[in-house]
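Worth saying up front: this structure is predicted, and the values here are computed from it rather than measured.
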Amino acid sequence: MIVDQAAVPTTDTSSTSTHRVQSFFQRLGDTIAAELGDGREAVHANLERVASRQLTAFNPSAHFDHDDLVDYVLSADILCKQADLEGKFAEPPVSLYHGVDFDISALTWLDGTTSIHQHNFCGAFHVLAGSSIHSRYRFDAWQSPEPLQRAIAGRLRLLDLEVLRAGDTRIIARGNNLIHSLFHMDRPSVTIVIRTISDDSATEVQYDYRWPGLAHDPFQLHAPTTRKLQYLRMLRVLDEDAVHVHLHRVLENADLLLAYLLISEQTRISGNPEQARILSSMCTALPAEQRELLFKATHNDLLSRALVNFRRKLHDPGHRYLLALLLNVFDRQELLRLVKRAYPDVDPVDQVMGWVAEMTGNTDRFPNVIGLSFSTTELRMLSGMFRGAGLDAVLAQFNERYGAAEVARQREDLSALFFALKTCALFHHILADLPD
């Protein structure tokens with residue numbers, strides 16, 4: 001049964017005591033339930049199709065906004081059964097309909113952004129308010145994984161990236177049929193999620209993914225792994241020097257997941273990217289290619305946290321769009337292609353450099369919102385690097401502008417600046433291929 005959008009009332013006419021948000025989503029849930037029929041198998045087989053179609057037909061974004069949700073929650077004495085009552089996912093969530101096998105929730109986002117992940121459930125989501133950058137990926141394992149494997153080494157590739165706005169609806173496919181991330185552009189952004197809730201977590205893994213290709217199970221409850229992490233945290237408090245001896249001992253025999261968790265945490269605590277390389281080299285039970293993958297994944301974790309922190313300071317849509325690309329696109333040419341697609345009338349490098357100049361306080365429009373001091377020299381060098389210039393090519397460009405003698409005198413400083421820009425948290429993904 002497809003509901004005609006025009007037939008969906010914006011207010012509840014049956015009871016003045018029922019909030020119109022509750023009434024609307026009760027009707028939506030009941031309509032979906034009636035079309036799905038009875039039984040877990042029917043729900044799991046058909047919810048993607050039915051939920052997507054009914055979300056499009058009901059179009060919640062045409063009837064409600066974030067203020068309506070606030071009014072509903074703050075005036076409610078009773079709510080339906082709540083998923084994620086502790087609010088671990090979203091800022092915060094609220095369940096609007098609770099069925100036997102599926103749930104409808106509204107997820108509000110302020111400054112959060114999701115990891116690259118897959119789901120062990122299925123359904124559909126709908127943008128109620130705000131906008132988001134939606135990125136989809138493909139993961140190719142180096143070797144066929146075992147069922148429920150804790151961590152998998154492979155290659156992660158971006159498939160596509162789109163801007164979702166209020167009214168857009170997308171299917172949530174189960175497993176690696178949908179590997180995606182969402183970067184929320186507006187504050188707040190609100191997503192309506194319809195998903196199965198009777199899934200068996202013991203038979204399916206909900207992997208998180210780390211660039212350039214490490215899949216891991218963030219929900220695994222493996223007692224030896226958990227206790228090792230806890231004991232090393234304890235030892236770090238008791239004797240910071242001795243903990244490195246114990247850490248080395250554990251890493252020598254660690255599998256891929258334990259090694260990743262330990263190195264990522266230690267690198268984050270130290271704030272030193274070089275820790276990632278040193279600790280990864282200690283994982284001698286792992287093949288050399290997995291040790292290199294560990295280094296890249298944990299090094300990227302540290303730098304990506306800086307980008308996520310920048311997000312809280314950036315509110316201009318263009319700045320947030322660039323930050324979303326820098327977090328989710330790992331190839332310079334692809335990033336520039338996406339900028340060109342979004343801003344077809346402007347040279348993509350000029351557009352990126354305009355944003356960087358604004359974010360670093362080099363225009364009258366904005367103060368230095370990210371705290372990085374970029375002079376004309378940094379901006380000019382970075383522009384060349386975005387166009388694919390390595391160190392020698394950049395220095396040749398500077399020779400033409402400033403003269404060979406001046407560039408020769410400052411060659412050491414300019415080379416250091418080139419390396420600093422190449423390894424900067426903002427640009428390390430997309431400038432990594434440039435020759436030093």
Side-chain angles (χ1 to χ4, degrees), residues 113 115-116 133-139 155-163 180-181 183 185 209-214 273 276 292-293 295-311 314 316 318-344 346-360 362 370 372 374 377-394 397 414-436:
T113 184
S115 62
I116 302 172
I133 302 292
H134 183 221
S135 305
R136 295 194 310 119
Y137 301 85
R138 172 175 171 173
F139 179 74
R155 181 190 179 201
L156 187 67
R157 291 191 293 128
L158 178 71
L159 292 179
D160 57 52
L161 180 148
E162 61 180 341
V163 180
H180 72 152
S181 67
F183 183 99
M185 299 277 285
Y209 294 85
R210 297 292 183 267
W211 185 86
L214 192 153
E292 180 65 16
L293 176 63
F295 159 65
K296 291 180 178 178
T298 52
H299 178 260
N300 178 67
D301 279 355
L302 180 65
L303 298 182
S304 293
R305 285 189 186 94
L307 292 181
V308 173
N309 289 334
F310 284 146
R311 183 192 189 284
L314 301 176
D316 178 79
H319 300 168
R320 283 199 161 188
Y321 182 69
L322 176 60
L323 195 60
L325 295 182
L326 292 171
L327 263 173
N328 295 288
V329 180
F330 311 123
D331 176 84
R332 186 175 61 261
Q333 293 302 322
E334 178 65 12
L335 181 145
L336 294 175
R337 184 188 70 80
L338 291 166
V339 171
K340 184 67 174 178
R341 189 177 75 181
Y343 299 86
V346 184
D347 176 87
V349 174
D350 290 345
Q351 181 65 68
V352 169
M353 294 311 304
W355 286 328
V356 174
E358 290 175 346
M359 291 158 59
T360 54
N362 282 278
I370 60 174
L372 296 179
F374 275 30
T377 302
E378 277 91 352
L379 293 173
R380 187 164 286 134
M381 181 177 287
L382 186 61
S383 177
M385 296 170 75
F386 263 93
R387 296 187 189 279
L391 178 59
D392 290 343
V394 166
Q397 294 168 6
L414 290 171
S415 299
L417 176 58
F418 179 92
F419 181 76
L421 289 172
K422 181 178 175 179
T423 56
C424 170
L426 277 173
F427 310 118
H428 71 285
H429 282 321
I430 56 170
L431 302 180
D433 65 315
L434 297 179
D436 294 335

Participant: Quick check: are there more than 12 heavy atoms from other residues, nucleotides or ligands sitting under 6.0 Å from CZ of R305?
Facilitator: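 Atom CZ in R305 is packed in, count exceeds 12.
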
Participant: May I ask you to test the L414-T377 pair for a side-chain heavy-atom distance under 4.5 Å?
Facilitator: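 Of all side-chain heavy-atom pairs linking T377 with L414, at least one is under 4.5 Å.
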
Participant: Taking everything shown except K340 itself, do over 12 heavy atoms lie less than 6.0 Å from its NZ?
Facilitator: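 Yes, NZ of K340 has more than 12 neighbouring heavy atoms, counting only those of other groups under 6.0 Å.
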
Participant: Side-chain contact, heavy-atom cut-off 4.5 Å: W211 with I116?
Facilitator: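 They are not in side-chain contact.
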
Participant: Under the criterion side chain to side chain contact (heavy atoms under 4.5 Å, CB included), I'd like the reasoning laid out for L325 against F183: C-alpha separation, chi angles, the key distance, then a yes or no.
Facilitator: CA-CA 9 Å; L325 295 182; F183 183 99; over 6 Å; no

Participant: Please name all residues satisfying side-chain contact (heavy atoms from CB on, under 4.5 Å) with L391, sequence neighbours left out, ordered by chain then number.
Facilitator: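 If we apply the side-chain contact (heavy atoms from CB on, under 4.5 Å) test to L391, skipping adjacent residues, the hits are L395, S415, F418.
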
Participant: Answer yes or no: is there a side-chain heavy-atom contact under 4.5 Å between W355 and V339?
Facilitator: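 Side-chain contact under 4.5 Å: yes.
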
Participant: CD/Q351 to CG/L322 distance, rounded to the nearest 0.5 angstrom?
Facilitator: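 Spacing of CD (Q351) from CG (L322) equals 9.0 Å.
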
Participant: Just wondering, do F310 and L426 contact through their side chains at under 4.5 Å, heavy atoms?
Facilitator: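 Touching, per the 4.5 Å side-chain cut-off.
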
Participant: Starting at OG1 of T360, measure out to CE of M353 and round the result to the nearest 0.5 Å.
Facilitator: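 Interatomic distance, T360 OG1 to M353 CE, rounded to 0.5 Å: 8.0 Å.
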
Participant: Roughly how far, to the nearest 0.5 Å, is CG of D301 from OG of S115?
Facilitator: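 Interatomic distance, S115 OG to D301 CG, rounded to 0.5 Å: 10.5 Å.
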
Participant: Looking only at heavy atoms, what is the nearest atom pair of A342 and Y321, with distance?
Facilitator: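 Shortest heavy-atom contact: CB-OH, 3.6 Å.
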
Participant: Less than 4.5 Å apart, side chain to side chain, heavy atoms only: is that true for L431 and L382?
Facilitator: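 A side-chain contact exists here, since the closest heavy-atom pair is under 4.5 Å.
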
Participant: If only atom types and distance count, is the side chain of Y137 paired as donor or acceptor with the main-chain N or O of S181 below 3.5 Å?
Facilitator: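 Such a contact is absent between Y137 side chain and S181 backbone.
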
Participant: Search all heavy atoms of L158 against all heavy atoms of R136 and return the closest pair with its distance.
Facilitator: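 Heavy atoms only, the tightest pair is CD1-O, 3.5 Å.
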
Participant: Would you say D436 and K422 make side-chain contact, with heavy atoms under 4.5 Å?
Facilitator: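 Result yes, sub-4.5 Å side-chain heavy-atom pair found.
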
Participant: Roughly how far, to the nearest 0.5 Å, is CZ of R320 from CG of L327?
Facilitator: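 Those atoms lie 11.5 Å apart.
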
Participant: How many angstroms lie between atom NE2 of H429 and atom CG of L335, to the nearest 0.5 angstrom?
Facilitator: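 Here the interatomic distance stands at 11.0 Å.
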
Participant: If I take atom CZ from residue R138 and atom CZ from residue R157, how far apart are they, to the nearest 0.5 angstrom?
Facilitator: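 Separation between the atoms: 5.0 Å.
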
Participant: Taking the side chain as every heavy atom from C-beta outward, state whether L156 and L214 have any atom pair closer than 4.5 Å.
Facilitator: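 No, every pair of side-chain atoms sits at 4.5 Å or beyond.
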
Participant: Are R387 and D350 ion-paired here, with the side-chain N under 4.0 Å from a carboxylate O?
Facilitator: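 Judged by the 4.0 Å cut-off on N to carboxylate O distance, R387 and D350 do form a salt bridge.
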
Participant: Just checking R341: does its CZ atom have more than 12 heavy atoms from other residues, nucleotides or ligands closer to it than 6.0 angstrom?
Facilitator: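 Check passes, neighbour count above 12.
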
Participant: Of all heavy-atom pairs between K296 and P212, which one has the smallest distance, and what is that distance?
Facilitator: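 What the structure gives for the nearest pair is CB-CD, 3.6 Å.
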
Participant: Do the ring planes of F427 and F374 sit parallel (below 30°), tilted (30 to 60°) or perpendicular (above 60°)?
Facilitator: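 Rings of F427 and F374: tilted, 30 to 60°.
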
Participant: Can you name the closest pair of heavy atoms from I133 and A324 and give their distance?
Facilitator: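 Nearest heavy atoms, I133 then A324: CG1-CB, 3.6 Å.
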
Participant: Would you say the rings of Y209 and F139 are close, in the sense that their centroids are separated by under 6.0 Å?
Facilitator: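 Between F139 and Y209, the centre distance is under 6.0 Å.
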
Participant: Of all the heavy-atom pairs spanning A306 and A425, show the shortest one and how long it is.
Facilitator: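 Answer, listing the atom of A306 first, then A425: CB-CB, 3.8 Å.
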
Participant: Strictly by salt bridge (charged side-chain N to carboxylate O under 4.0 Å, His left out), give each pair with a member in residues 324-334 just once, sequence neighbours left out.
Facilitator: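 Only R332-D433, E334-R337 qualify under salt bridge (charged side-chain N to carboxylate O under 4.0 Å, His left out).
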
Participant: When you measure from the side chain of R210 to the backbone N and O of T298, does any donor-acceptor pair fall under 3.5 Å?
Facilitator: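 No, the answer is negative, given that no donor and acceptor are paired below the 3.5 Å cut-off.
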
